[in-house]
Structure formats: structure tokens, C-alpha cells
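For clarity, every value in this text was computed on a predicted model and none was experimentally measured.
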Amino acid sequence: MRRLFDRFDRAFFAEAPAERLAIVRLLVGGFALVYLCVRAVHLQRVGHLPPDGFRPVGVVSVLSAPLPLWAVRGLIGAAIAAGAAFVAGFKFRVAGPLFGALLLWVLTYRNSWGMVFHTENLLVLHVIALGLAAAADAYSLDARAARRAGSVSSTSSTSSTSVPHARYGWPLRLLCAITVTSYFIAGVAKLRNSGLDWALSDILRNYVAYDNVRKIALGDTHSPLGGALVRYGFLFPPLALASLGMELCAPLALFSRRVAVVFCGAAWLFHLGVLLTMAILFPYPLLGIAFVGFFELEKMRDLRRPRRAGPA
């Protein structure tokens with residue numbers, strides 16, 4: 001048992017450079033900030049809805065009545081400001097946790113007025129995890145200020161951040177664990193609701209058909225490709241089996257880099273298929289940002305550097 005715990009400790013607290021974690025912060029935080037800005041008008045519209053439509057979920061369950069419109073707008077504005085500080089790495093010890101909390105509240109408040117957008121869950125969890133980590137020790141205003149001040153602290157100095165350390169590795173492993181867990185839970189839910197019939201029957205085909213017919217009836221955006229493919233029933237059991245296998249095997253990506261690459265590619269193809277057949281967009285994984293914790297992003301700098309010619 002002790003040997004097992006030692007292996008887990010070495011794997012989960014593997015060392016990583018500060019630059020890698022910082023790049024992940026920039027990508028995840030940048031996406032979250034743009035997402036908030038693009039949806040800001042939509043998010044504040046709930047302040048105009050009738051109060052009897054308010055059904056609080058999650059952290060918003062502490063409320064017994066809707067917030068006034070000025071409070072809704074103020075929280076959205078505060079979330080955007082905190083997001084900008086998160087991306088810039090400015091006062092990150094405050095801005096990091098604050099942005100995670102505000103993003104969770106703002107998106108949950110919107111979900112308390114009807115349909116719950118589960119497409120946002122993974123993004124929020126990633127932002128919270130990064131906000132609690134030392135994700136601004138490089139490529140940030142805090143790091144620049146520390147260098148100018150000649151700081152020699154263990155978390156901010158140039159000498160300490162240039163050396164890989166477990167404090168930069170565990171947040172990345174946590175992001176990966178959150179990612180694979182979310183897919184694994186989706187697979188387990190399929191088995192609990194449908195059993196193996198999910199992969200052996202027309203359940204997926206019926207979902208695609210129903211989703212597109214409903215959207216056509218409501219005048220919403222639908223997928224002509226999905227409507228055309230439902231004529232060919234033999235296509236859907238293999239697709240359902242592939243998606244179920246990807247989700248149930250997702251935790252294996254934590255133990256092998258090659259498996260992680262396969263998992264990320266399979267998950268990306270899954271979301272692409274959902275978009276093409278049901279016109280449901282998962283922008284966070286489709287842009288690949290949901291999977292950045294699996295890769296050594298700082299090495300991309302070496303690929304861009306021109307190689308010096310050797311002696312003739």
C-alpha cells in the first residue's frame with residue numbers, strides 16, 4: 001500500500017515548469033474571459049425575466065428570490081474585471097480565486113432560469129483549480145513586478161520559476177483529472193440510464209432524430225446532416241460504442257502520455273460529431289483548450305526557434 005501511495009504521489013505531484021502552468025492559465029482564462037464578454041448581454045437578460053421563473057440551482061440555491069437587475073449587471077462586470085486580472089496575472093492571489101467564484105456564480109445564476117448549460121461545467125472547474133494554484137509565476141504582471149523588485153521569494157523569483165517544481169505540476173494533473181472524470185461520469189450515466197442498449201440499439205439514432213425534429217419545430221438551428229444520417233441505422237451503434245468506450249476509458253489517460261493523446265483526439269472527434277449531427281456546440285473542448293493540461297506547451301517555443309546551421 002505504501003508503494004502504491006508513493007507512485008501516486010510521484011505521478012500527481014510530478015514536477016513541471018512555471019511556464020507550462022502559466023500558458024494554461026492564459027489559454028483557459030482567456031477563453032473564459034472572451035466567453036463572458038460575448039455572452040454578457042445574454043447573461044444580464046435574466047434580470048428582466050418574471051420572478052416566478054427563478055429556479056435556483058447549485059451555489060445560487062442560497063437565494064430565495066432573484067437579484068435586482070443592477071446586482072446582476074454588477075456581478076457580470078466584476079467577473080469580467082476579475083477575468084482580465086486573471087489572464088494578466090495581476091494580484092493573482094486575490095484575482096485567481098475571485099474570478100473562479102464570480103464565474104461560478106454568474107453562470108450558475110443564468111442556469112437558474114431554465115435549461116442548465118452543462119457545456120460550461122468543465123470550464124468553471126478548470127478556472128477554479130487554476131485560481132487556487134501558483135499559475136501566475138510566469139508570463140504575468142505579478143512575475144514582472146517581482147523581477148523588477150529583485151524578489152528572491154521561493155514562489156516569485158526568476159531562479160525558482162525557471163526550475164520545474166511540483167507546485168506547478170499538481171495543478172496540471174488536477175486539471176487532467178477533472179477532465180477525464182467529467183467524461184467518465186458521462187459514460188457511467190449512459191450505462192445507468194440505458195445499459196448496454198446505448199451501444200447496441202437505436203438509442204443514439206433516436207436522440208439525433210428527436211433533437212433535430214424538435215429544433216425544426218421550434219425554428220431553431222438544426223443539423224441537416226444529422227437528419228440525413230438517421231436514415232442509415234447501421235451507422236449509430238458503432239458511433240455509440242466508440243463514444244461510450246472513450247468516456248469509460250478516459251481515466252487511463254492519466255497514466256500514459258500516448259493514451260492521453262488518443263483520448264484527447266477521440267474526445268475532440270466526439271464533440272465534432274455532436275456539432276455536425278445535432279448542431280450542439282461545445283466550444284471549450286472543440287477549440288482544444290479543455291485538453292491543454294495534458295501537453296508540454298512550453299516546448300512549442302523551441303519549435304519556433306530557427307536551428308543554427310552546423311559546420312559544413
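Under the 3.5 Å distance criterion, the side-chain polar atoms of N212 are matched with a main-chain donor or acceptor of V208. Between the side chain of D137 and the backbone N or O of A143, no donor-acceptor pair lies under 3.5 Å. No donor-acceptor distance shorter than 3.5 angstrom exists from the side chain of S194 to the backbone of L191, with no hydrogens or angles considered. Of the possible polar contacts, none joining the S256 side chain to the A253 backbone as a donor-acceptor pair under 3.5 Å is found. Side chain of R55 to backbone of D52: a donor-acceptor contact under 3.5 angstrom is found.
The CG atom of L196 sits 7.5 Å away from atom CG of L244, with the distance rounded to the nearest 0.5 Å. In this structure, CZ in R258 is found 15.5 Å from CG in L252, a value given to the nearest 0.5 Å. Separation of atoms CD (Q44) and CG (L69) is listed at 6.0 Å; rounding is to 0.5 Å. Rounding to the nearest 0.5 Å gives a distance of 11.0 Å between CZ of R20 and CD of E15. Residue R39 holds its CZ atom at 10.0 Å from CD1 of I76, rounded to the nearest 0.5 Å. The distance from the CG atom of L239 to the CZ atom of R205 is 12.5 Å, given to the nearest 0.5 Å.
Taking the six-membered ring for Trp and the full ring otherwise, Y183 and H271 have centroids separated by under 6.0 Å. Aromatic pair F54/Y109: centroids less than 6.0 angstrom apart.
Residues I80 and L43 are members of one and the same hydrophobic cluster, defined by side-chain heavy-atom contacts under 4.5 angstrom among Ile, Leu, Val, Met, Phe, Trp and Tyr. Using a 4.5 Å cut-off between side-chain heavy atoms of Ile, Leu, Val, Met, Phe, Trp and Tyr, with links allowed through other members, L287 and I23 fall into the same hydrophobic cluster. The hydrophobic clustering, which links ILVMFWY residues whose side-chain heavy atoms are closer than 4.5 Å, places L103 and V38 apart. Under a hydrophobic-cluster definition in which Ile, Leu, Val, Met, Phe, Trp and Tyr are linked whenever side-chain heavy atoms come within less than 4.5 Å, directly or via other members, V259 and F184 are assigned to different clusters. F291 and L281 fall within a single hydrophobic cluster, where Ile, Leu, Val, Met, Phe, Trp and Tyr side chains are chained together by heavy-atom contacts under 4.5 Å.
Contact of the Y284 side chain with the V28 side chain is registered, since non-hydrogen atoms from C-beta on lie closer than 4.5 Å. At a threshold of 4.5 Å between non-hydrogen side-chain atoms, the residues T277 and L229 count as touching. L21 places a side-chain heavy atom less than 4.5 Å from the side chain of L130. Residues N206 and F236 fail the side-chain proximity criterion, which asks for heavy atoms closer than 4.5 Å. By the 4.5 Å heavy-atom criterion applied to side chains, F86 and V127 are counted as neighbours. Inter-residue side-chain proximity for R25 and V87 is flagged as unmet; no heavy-atom pair is nearer than 4.5 Å. M278 has its side chain out of reach of S223: every pair of non-hydrogen atoms, C-beta onward, lies at least 4.5 Å apart. By the 4.5 Å heavy-atom criterion applied to side chains, L141 and K91 are not counted as neighbours.
What you find for L36 and A79 is that their closest heavy atoms are CD1-CB, 3.8 Å. Smallest separation of non-hydrogen atoms from M246 and F263: SD-CE1, 3.8 Å. Considering all non-hydrogen atoms of both residues, A16 and L172 come closest at CB-CD1, 3.9 Å. Among all heavy-atom pairs drawn from P285 and A290, the shortest one is CA-CB, 3.8 Å. The two residues G89 and F92 have their closest heavy-atom pair at CA-CD1, 4.3 Å. In plain terms, the two heavy atoms of A85 and A95 that are nearest each other are CB-CB, 3.7 Å.
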Worked check of side chain to side chain contact (heavy atoms under 4.5 Å, CB included) between E120 and N111: CA-CA 10 Å; E120 301 166 338; N111 290 341; 3.7 Å; yes
Worked verdict on L102 versus W105 for side chain to side chain contact (heavy atoms under 4.5 Å, CB included): CA-CA 5 Å; L102 288 172; W105 178 272; 5.5 Å; no
Check against side chain to side chain contact (heavy atoms under 4.5 Å, CB included), W170 and H165: CA-CA 9 Å; W170 74 258; H165 196 279; over 6 Å; no
V292 and F294: CA distance, side-chain angles, deciding distance, side chain to side chain contact (heavy atoms under 4.5 Å, CB included) verdict: CA-CA 5 Å; V292 292; F294 288 99; over 6 Å; no
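Side-chain atoms of R214 and H222 form no donor-acceptor pair, as typed in the model, at a separation below 3.5 Å.
The aromatic rings of Y35 and F31 lie parallel to each other, with less than 30° between the two planes, well short of the 60° mark.
Counting heavy atoms of neighbouring residues, nucleotides and ligands inside a 6.0 Å radius, atom CG of L276 exceeds 12 of them. Surrounding CZ of F295 are more than 12 heavy atoms belonging to other residues, nucleotides or ligands, all under 6.0 Å away.
The side-chain contact (heavy atoms from CB on, under 4.5 Å) test with L122 singles out one residue from L175, I178, T181, and that residue is I178.
Using a 4.0 Å cut-off between a side-chain N of Lys or Arg and a carboxylate O of Asp or Glu, E19 and K299 do not qualify as a salt bridge.
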